[in-house]
A.B. asks: 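There's a structure below that I have some questions on.
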Amino acid sequence: QTAQLQHIDTETGFCNDTGGSKSTGNQTYPPSDRLESAKTPSLKCTSSDDLFTKTGSKGNNKLTNPVGLITADEVAYAGGTDGRNNQKYYLYTNQYYWTMSPFYFDGGYAVVFSVNNVGALGNYNGRVYYANGVRPVINLKADTLFKEGGTGTSTNPYEVVI
């Protein structure tokens, strides 16, 4: 198990992308503007306070373990589009699950992006008190090698060379 942990990048981080703003009053967040209005996903984190890292000079170093949740932008790049059913991309699970990307705050409830049971990205069951699933993610170091083969499925996973 220790040999496998050497491939995990603890400095890259996970972005919750509030744009550095705090939840006060009614407001939307950068992922809403990018994905709902402009339809332009991005993997850039606009504020270092929003970049959750375990170690390193970038980010906030607030993580105990180098694990985060998938972002709405990552789901969009994979094929999850706003309001459109898509059961043919690899993140489709036939279940609702959260992302870590904030959608809006209405003064009383925080709402985050989620993926619904037919693979659409949006604010479905978005209020954080609903019981949705999660998609944990890790970041691998750039020099990580993989064995040939594997499709990334549970029955034929990618395998890291140790």
Side-chain angles (χ1 to χ4, degrees), residues 1 4-5 7-19 21-23 27-37 39-47 49-54 59-60 62-141 144 146 150-160:
Q1 185 178 9
Q4 294 167 337
L5 295 178
H7 296 289
I8 295 177
D9 187 339
T10 61
E11 295 182 24
T12 300
F14 309 93
C15 186
N16 76 338
D17 208 4
T18 65
S21 64
K22 304 299 177 213
S23 299
Q27 69 185 75
T28 59
Y29 292 101
S32 295
D33 298 333
R34 281 194 309 273
L35 300 173
E36 291 282 303
S37 304
K39 310 284 190 229
T40 55
S42 174
L43 297 179
K44 283 189 168 185
C45 197
T46 58
S47 170
D49 287 340
D50 288 343
L51 184 62
F52 285 79
T53 56
K54 182 175 179 188
N60 59 25
K62 291 184 178 179
L63 291 180
T64 303
N65 295 299
V67 180
L69 293 181
I70 197 161
T71 67
D73 295 276
E74 291 168 328
V75 172
Y77 275 124
T81 56
D82 175 44
R84 292 198 182 115
N85 300 351
N86 183 357
Q87 300 169 354
K88 298 192 184 291
Y89 69 116
Y90 73 98
L91 294 176
Y92 169 70
T93 65
N94 193 33
Q95 298 175 342
Y96 284 80
Y97 61 89
W98 299 113
T99 74
M100 71 181 293
S101 301
F103 195 91
Y104 67 86
F105 187 78
D106 71 6
Y109 295 99
V111 177
V112 299
F113 276 91
S114 61
V115 176
N116 70 10
N117 62 329
V118 289
L121 176 67
N123 66 346
Y124 311 102
N125 286 350
R127 289 187 173 173
V128 295
Y129 60 76
Y130 284 104
N132 290 351
V134 295
R135 295 291 300 226
V137 295
I138 59 171
N139 294 310
L140 298 176
K141 293 178 182 175
T144 301
F146 298 90
T151 59
T153 64
S154 60
T155 56
N156 190 15
Y158 299 118
E159 293 183 53
V160 173

A.B. asks: Considering all heavy atoms of both residues, which atom of Gly19 and which atom of Ser47 are nearest to each other, and what is their separation?
C.D. replies: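 Nearest heavy atoms, Gly19 then Ser47: C-CB, 4.2 Å.
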A.B. asks: Between Phe146 and His7, is the side-chain contact (heavy atoms from CB on, under 4.5 Å) condition met? List the steps.
C.D. replies: CA-CA 11 Å; Phe146 298 90; His7 296 289; over 6 Å; no
A.B. asks: How close do Lys54 and Thr64 get, counting heavy atoms only, and between which atoms?
C.D. replies: CE-O, 3.3 Å
A.B. asks: To the nearest 0.5 Å, what is the distance between CD (Gln27) and CZ (Phe105)?
C.D. replies: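 Gln27 CD to Phe105 CZ: 8.0 Å, rounded to 0.5 Å.
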A.B. asks: What pair of heavy atoms forms the shortest contact from Leu35 to Leu121, and how long is it?
C.D. replies: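 Nearest pair, atom of Leu35 first, then Leu121: CD1-CD2, 4.2 Å.
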A.B. asks: Inspect the surroundings of NZ in Lys39 and state if more than 12 heavy atoms from other residues, nucleotides or ligands are less than 6.0 Å away.
C.D. replies: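 Yes.
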A.B. asks: What are the two closest heavy atoms between Val160 and Thr144, and how far apart are they?
C.D. replies: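 The pair with the smallest heavy-atom distance is CG1-CG2, 3.8 Å.
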A.B. asks: Evaluate the side-chain contact (heavy atoms from CB on, under 4.5 Å) criterion for residues Arg135 and Thr93: first the C-alpha distance (whole Å), next the side-chain angles of each, then the deciding distance (0.1 Å), finally the verdict.
C.D. replies: CA-CA 10 Å; Arg135 295 291 300 226; Thr93 65; 2.8 Å; yes
A.B. asks: For Glu11, which residues count as a salt bridge (charged side-chain N to carboxylate O under 4.0 Å, His left out) partner, sequence neighbours excluded?
C.D. replies: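 With sequence neighbours excluded, Glu11 shows a salt bridge (charged side-chain N to carboxylate O under 4.0 Å, His left out) to no residue whatsoever.
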A.B. asks: Just how far is it from atom CD1 of Ile8 to atom CG of Leu140, taken to the nearest 0.5 Å?
C.D. replies: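 Rounded to the nearest 0.5 Å, the CD1-CG separation comes out at 7.0 Å.
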A.B. asks: Report the distance from atom CG of Asn132 to atom OG of Ser114, rounding to the nearest 0.5 Å.
C.D. replies: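 Atom-to-atom, Asn132:CG and Ser114:OG are 5.5 Å apart.
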A.B. asks: Mind checking the CG-OG1 spacing from Asn65 to Thr10? Nearest 0.5 Å is all I need.
C.D. replies: 11.0 Å
A.B. asks: Within the distance-only criterion (no hydrogens, no angle test), does the side chain of Tyr29 pair as donor or acceptor with the backbone N or O of Ser101 below 3.5 angstrom?
C.D. replies: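 Pair absent, no side-chain N/O of Tyr29 close to backbone of Ser101.
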A.B. asks: Could you tell me the separation between the CH2 atom of Trp98 and the CD1 atom of Ile70, rounded to the nearest 0.5 Å?
C.D. replies: 15.5 Å
A.B. asks: Tell me every residue that passes salt bridge (charged side-chain N to carboxylate O under 4.0 Å, His left out) with Arg34, counting only those two or more places apart in sequence or in another chain.
C.D. replies: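 With sequence neighbours excluded, Arg34 shows a salt bridge (charged side-chain N to carboxylate O under 4.0 Å, His left out) to Asp17, Asp73, given in chain and number order.
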A.B. asks: Find the distance between OG1 (Thr12) and CD1 (Ile138) and round it off to the nearest 0.5 Å.
C.D. replies: 11.0 Å
A.B. asks: Between the main-chain N or O of Phe103 and the side-chain N or O of Ser32, is there a donor-acceptor pair closer than 3.5 Å?
C.D. replies: yes
A.B. asks: Given side chains that start at C-beta, do those of Phe14 and Asn139 come closer than 4.5 Å, heavy atoms only?
C.D. replies: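 Phe14 reaches Asn139 side chain to side chain.
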A.B. asks: For the pair Tyr97 (side chain) and Leu91 (backbone), establish whether a donor and an acceptor sit closer than 3.5 Å, ignoring hydrogens and angles.
C.D. replies: yes
A.B. asks: Just by modelled atom types, is the Gly119 backbone N or O under 3.5 Å from a matching donor or acceptor in the Asn86 side chain?
C.D. replies: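 It does not hold such a pair.
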A.B. asks: Go through Val75 and Thr99 one step at a time and tell me if the side-chain contact (heavy atoms from CB on, under 4.5 Å) criterion holds.
C.D. replies: CA-CA 8 Å; Val75 172; Thr99 74; 4.2 Å; yes
A.B. asks: Before you tell me yes or no, could you show the steps for Met100 and Val112 under side-chain contact (heavy atoms from CB on, under 4.5 Å), namely the whole-Å CA-CA distance, both residues' side-chain angles and the distance that decides it to 0.1 Å?
C.D. replies: CA-CA 7 Å; Met100 71 181 293; Val112 299; over 6 Å; no
